[in-house]
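Keep in mind it's a predicted model, so treat the numbers as computed, not measured. Only heavy atoms go into these numbers, but all of them, side chains included; no hydrogens, no water, no symmetry mates.
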Amino acid sequence: MGHLEDRKIRRAAVAAAMEDNSFALLFSGTRIPQSEDHDYPFSVNRNFYYLTGCDRENQILLISKRNGKISETLFTPKTNPDLEKWVGFYMTPETVKSLSHIDDVQPRESFENILGRMLSWQNLQYCYLDFDQNQLQQEPISLSHRFANTIQRNYPGLTIRNLHYTLSQMRLIKSSAEIEEIRKAIAVTNEAIQNLWAHSQPGMKEYQLEAYFDFTLRSHGVSEHAFPPIVAAGERATILHYVSNDLTAEDGELVLLDLGASSGYYAADISRTFPVNGKFSERQKAIYESVLEAEEKVIAAVRPGVTWSELNQVAKDSLAESVVRLGIAKSKDEIDEYYYHSVGHPLGLDTHDVGDRDVPLALGMVITIEPGLYIAKEKIGIRIEDDIWVTENGHEVLSQAIPKTVSEIEQLVGKHRQ
């Protein structure tokens, strides 16, 4: 089944979740000004994209359900030949229809009039919007929150309901087309990591290492990272979300990578740790292989019905034994000082994808497994992360081809060194 059929099925599922005599609105988003004459790069609202396949700003999806009858309308900005000379071509109505498989495509400029007539003439009782609760803390306020304020002021008889949880639970389970996009993102990420490794040498800035990763992405037409890359050498690797990437990787240090390409907005999320000089010390090797052992134990436990807490406990038990054996800690109870994050998360259109984390794993989910050890006193941070598809028989490691054993890494690091 392809993306086109997926989108039709998803919209039908949304409509089925709606009360009769209701309508739902989803917004693609708008550009945010960065300076006087420049905007931040636009990135489409992922739930809007999930239902439509369209990724341009100022688009709106309207789904109405009245007396059991479902209708779908997609509003898109009119083409503007003069403006297109400056900013490029707009998405035509024909393209919108082709991507979304929605026949009723209207100019964005007519949205307020069409919605106003619908609210005046029809007995609509419910308005469904997409409220991500995290957006309450963000500026500017989301279009859904802004629209809710307008609706409550002008149509106080309407009841507003949130679609976000419904969409989040739908997105947890990936279709075959989604899995293929994630595979593509992982394949590019693999090539990019190996390009970074091949050119690695002591004394390089972290951003110079990152540049080799970025070059490979751009060479494949990937214009958007899945998330800001982490390239953290030495003690910086003990900072989970270090993203400055502006200091030097010194001889003898390990470098932690946490990065990923995207394909069709679907993310890869991979962590690897390597010696910048191409050779693990005996101490580094012992700690690294302890993390790798923990990762492999957790991956082996992935199957439908397993909970996140159970997977995390597998990681903690394995790592706790290692920190005592390696003399890092005196007691297993100290593990929280050296492993202080969850073992993984859902992966998809968002790197930390939406969906209830309290439900057991189910067939079709894609998750990350990423245990780590962070030993600031030794200036060592190690994390190993792979992307896993939950299958009927257990799991498939989608990122299996990305090298991660000590011998594989040592053979690849610095092979193009000048």
So does [Y] get a backbone contact from the side chain of [X], meaning a donor-acceptor N/O pair under 3.5 Å?
{"X": "Asn245", "Y": "Pro229", "result": "yes"}
{"X": "Arg31", "Y": "Glu57", "result": "no"}
{"X": "Gln169", "Y": "Asp356", "result": "yes"}
{"X": "Ser144", "Y": "Leu129", "result": "no"}
{"X": "Glu410", "Y": "Lys279", "result": "no"}
{"X": "Thr189", "Y": "Ala261", "result": "yes"}
{"X": "Asp258", "Y": "Ile230", "result": "no"}
{"X": "Thr273", "Y": "Arg383", "result": "yes"}
{"X": "Glu178", "Y": "Gly348", "result": "no"}
{"X": "Asn45", "Y": "Asn47", "result": "yes"}

What are the two closest heavy atoms between [X] and [Y], and how far apart are they?
{"X": "Asp246", "Y": "Tyr207", "result": "CA-CD2, 3.7 Å"}
{"X": "Asp387", "Y": "Ser399", "result": "N-OG, 3.0 Å"}
{"X": "Phe131", "Y": "His164", "result": "O-CB, 3.1 Å"}
{"X": "Phe213", "Y": "Ala192", "result": "CD1-CB, 3.2 Å"}
{"X": "Tyr242", "Y": "Ala232", "result": "CD2-CB, 3.5 Å"}

Spatial distance of atom [atom1] ([X]) from atom [atom2] ([Y]) [nearest 0.5 Å]:
{"X": "Glu370", "Y": "Ser342", "atom1": "CD", "atom2": "OG", "result": "7.5 Å"}
{"X": "Leu209", "Y": "Leu196", "atom1": "CG", "atom2": "CG", "result": "5.0 Å"}
{"X": "Tyr212", "Y": "Ser200", "atom1": "OH", "atom2": "OG", "result": "10.0 Å"}

Ile114 versus Phe75: any side-chain heavy-atom pair under 4.5 Å?
->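 Yes, at least one pair of side-chain atoms sits under 4.5 Å.
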Under a 4.5 Å cut-off applied to non-hydrogen side-chain atoms, are Phe280 and Ile409 in contact?
->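 Counting from C-beta outward, Phe280 and Ile409 do come under 4.5 Å.
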Considering residues at least two apart in sequence or located in another chain, which fulfil the side chain to side chain contact (heavy atoms under 4.5 Å, CB included) criterion with [X]?
{"X": "Ser223", "result": "Arg218"}
{"X": "Ala13", "result": "Met170"}
{"X": "Ala267", "result": "Ala226, Leu347, Thr351"}

Kindly check if the number of other-residue, nucleotide or ligand heavy atoms within 6.0 Å of CD (Gln34) is above 12?
-> yes
Count the heavy atoms of every other residue, nucleotide or ligand shown that sit under 6.0 Å from NE2 of His341, and state whether that count exceeds 12.
-> yes
Is the shortest side-chain N to carboxylate O distance from Arg183 to Glu180 below 4.0 Å?
-> yes
Mind checking what makes salt bridge (Lys or Arg N to Asp or Glu O under 4.0 Å) contact with Glu378, not counting sequence neighbours?
->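 Glu378: salt bridge (Lys or Arg N to Asp or Glu O under 4.0 Å) contacts with Arg283.
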Candidate pair Lys97 and Ile102, rule side chain to side chain contact (heavy atoms under 4.5 Å, CB included), full reasoning | CA-CA 5 Å; Lys97 290 179 183 180; Ile102 294 174; over 6 Å; no
Kindly state each residue pair satisfying side chain to side chain donor-acceptor pair (under 3.5 Å) with at least one member in residues 11-27, sequence neighbours excluded.
-> Arg11-Glu72, Glu19-Arg161
After noting the C-alpha distance and the side-chain angles of Val343 and Val314, does the key distance pass the side chain to side chain contact (heavy atoms under 4.5 Å, CB included) rule?
-> CA-CA 9 Å; Val343 76; Val314 172; over 6 Å; no
Between Phe42, Phe27, Tyr265, which is the residue that forms a ring pair (Phe, Tyr, Trp, His ring centres under 6.0 Å) with Tyr49?
->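 With Tyr49 as partner, Phe42, Phe27, Tyr265 yield a single ring pair (Phe, Tyr, Trp, His ring centres under 6.0 Å), made by Tyr265.
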Take Thr76 and Thr95 through the side chain to side chain contact (heavy atoms under 4.5 Å, CB included) test and state the conclusion after the steps.
-> CA-CA 11 Å; Thr76 194; Thr95 300; over 6 Å; no
Do you see a donor-acceptor pair shorter than 3.5 Å between the side chains of Gln194 and Asn190?
->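 Note: Gln194 and Asn190 side chains meet the donor-acceptor criterion.
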Pick from Met204, Arg236, Gln208, Glu210: which one makes a side-chain contact (heavy atoms from CB on, under 4.5 Å) with Val231?
->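 Result for side-chain contact (heavy atoms from CB on, under 4.5 Å) with Val231: Glu210.
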Centroid separation His225 to Phe227 less than 6.0 Å |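 Judged by ring-centre distance (under 6.0 Å), His225 and Phe227 do not meet the cut-off.
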Would you please indicate yes or no on a ring centroid separation below 6.0 angstrom for Phe215 and His199?
-> no
Please list, one pair per line, the donor and acceptor atoms closer than 3.5 Å that link side chains of residues 291-303 to other protein atoms, with sequence neighbours excluded.
{"from": "Glu295", "atom 1": "OE1", "to": "Lys404", "atom 2": "NZ", "distance (Å)": "2.9"}
{"from": "Glu295", "atom 1": "OE2", "to": "Asp386", "atom 2": "N", "distance (Å)": "3.4"}
{"from": "Arg303", "atom 1": "NH1", "to": "Ala301", "atom 2": "O", "distance (Å)": "3.2"}

Tell me, with the steps shown, if Gln284 and Ile382 meet side chain to side chain contact (heavy atoms under 4.5 Å, CB included).
-> CA-CA 9 Å; Gln284 291 169 345; Ile382 295 172; 5.8 Å; no
